[in-house]
Amino acid sequence: MASALRRPLLAGNWKMNLTLTQSVELARLVVSGANTASGEVAVFVPFTAIAVVAETLKGSPVRLGAQDCYWEASGAFTGEVSVSQVSDAGGQMVLIGHSERRKLFGETDDHVNKKLGAALKGGLTPVVCIGETLEERESQKTWRVLETQIAGGLKGFAPADLAKVVVAYEPVWAIGTGKTASPAQAQEAHAFIRQQLKNIHEGFASGCRILYGGSVTADNVDALMAQADVDGALVGGASLKKDFLRIM
Ligand code: PGA
């Protein structure tokens, strides 16, 4: 069981799915289960749905986030969305450096670092995503990859600035594949990540929530959450279904 210092966070990442009507329906479903949830609940929705979902979530404990943000405040950056636009629409949190952003859109640790700076400055709670590919795991590079992503993504901040940061460990080989990391594999990686965070600051490391993501379902979430360093889950596919209620 994770430390009492850290309130569990169960987060749904809707990715590029759902119409506005479907988004409102799903948000209502999440609200219906949130009061009895065993931790904090959040949904990360497409930019276009933030405002309507914010309306639906009003008065509920469910937190709302965007799936990305840009680091500049405003200007000629066609297609990008700033932190202040996310908050203006009702977003309180933001995913940064999701592996799909890294793999499909060329995001680097440097981009992650700039986005993190913008999110913290703008008052959003950032969820920084890290994780190794299958090739990296098979060639024994997992620890080096995680170390590099943490060092690059989180560099240059004072520990006090990082207090709100959430980290999500999402092994790329487990995302959308149905191949979840075993509870032991997840714990091993989370403990390693917490050790890396300790190198930044002891107090930050013990309070920082580290979520597991990658094919989380209602059937495997309990065993994952039973691990000492697993403080929650970032759920993709299963967050679009009634399954998410059972996960909560
Ligand atoms: P998945 O996605 O649960 O569908 O594997 C997780 C994620 O990408 O955040």
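All values below were derived from every heavy atom in this structure, side-chain atoms included, with hydrogens, water molecules and symmetry-related copies excluded. Order of listing sets the numbers, starting from 1, for every ligand and every atom in it.
Classification of Glu25 and Arg28 as a salt-bridged pair fails, no side-chain N sitting under 4.0 Å from a carboxylate O.
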Review point. Given Lys114 and Glu72, is the salt bridge (Lys or Arg N to Asp or Glu O under 4.0 Å) satisfied, shown in steps?
Key: CA-CA 9 Å; Lys114 287 182 171 146; Glu72 294 288 350; over 6 Å; no
Review point. Which is it for Gln85 and Tyr70 under the side-chain contact (heavy atoms from CB on, under 4.5 Å) test, yes or no, and what are the steps along the way?
Key: CA-CA 10 Å; Gln85 288 176 313; Tyr70 194 56; over 6 Å; no
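When all heavy atoms of Lys179 and Ser215 are compared, the pair lying nearest together is N-OG, 3.6 Å.
The distance from ligand 1 to the heavy atoms of His98 drops below 4.0 Å at these ligand atoms: 7 (C), 8 (O), 9 (O). With ligand atoms numbered from 1 in the order given, ligand 1 contributes 9 (O) to contacts under 4.0 Å with heavy atoms of Asn13. Shown in contact with Ala174 at under 4.0 Å from a heavy atom are these atoms of ligand 1, numbered in order with element: 5 (O). Residue contact check: Ser215 has heavy atoms under 4.0 Å from atoms 1 (P), 3 (O), 5 (O) of ligand 1. Of all atoms in ligand 1, listed by their number and element, those nearer than 4.0 Å to a heavy atom of Glu170 are 6 (C), 7 (C), 8 (O), 9 (O). The contact set between ligand 1 and Gly214, taken as ligand atoms under 4.0 Å from a residue heavy atom, comprises 5 (O).
Listed by chain and number, the hydrophobic cluster partners of Leu211 are Leu9, Phe44, Met93, Leu95, Val127, Val166, Leu234, where partners are ILVMFWY side chains within reach of under 4.5 Å, directly or through others.
With no hydrogens or angles considered, no side-chain donor-acceptor pair links Gln149 and Asp109 at under 3.5 Å. For the 3.5 Å distance criterion, the side chains of Glu170 and His98 qualify, holding a donor opposite an acceptor.
For ligand 1, one of its N or O atoms has an N or O atom of Lys15 under 3.5 Å away. For Gly237, a nitrogen or oxygen atom sits less than 3.5 Å from a nitrogen or oxygen atom of ligand 1, counting backbone and side chain alike.
The parts of Ile175 lying near ligand 1 are both backbone and side chain, judged by heavy-atom distances below 4.0 Å.
Selection from Ser99, Gly236, Cys129, Gly176 by nearest heavy atom to atom 5 (O) of ligand 1 gives Gly176.
Counting only residues at least two apart or in different chains, side chain to side chain donor-acceptor pair (under 3.5 Å) contacts with residues 127-145 comprise Glu132-Arg137, Glu132-Tyr169, Glu132-Trp173, Thr133-Glu136, Arg137-Tyr169.
Heavy atoms of Ala238 come nearer than 4.0 angstrom to ligand 1 in no pair at all.
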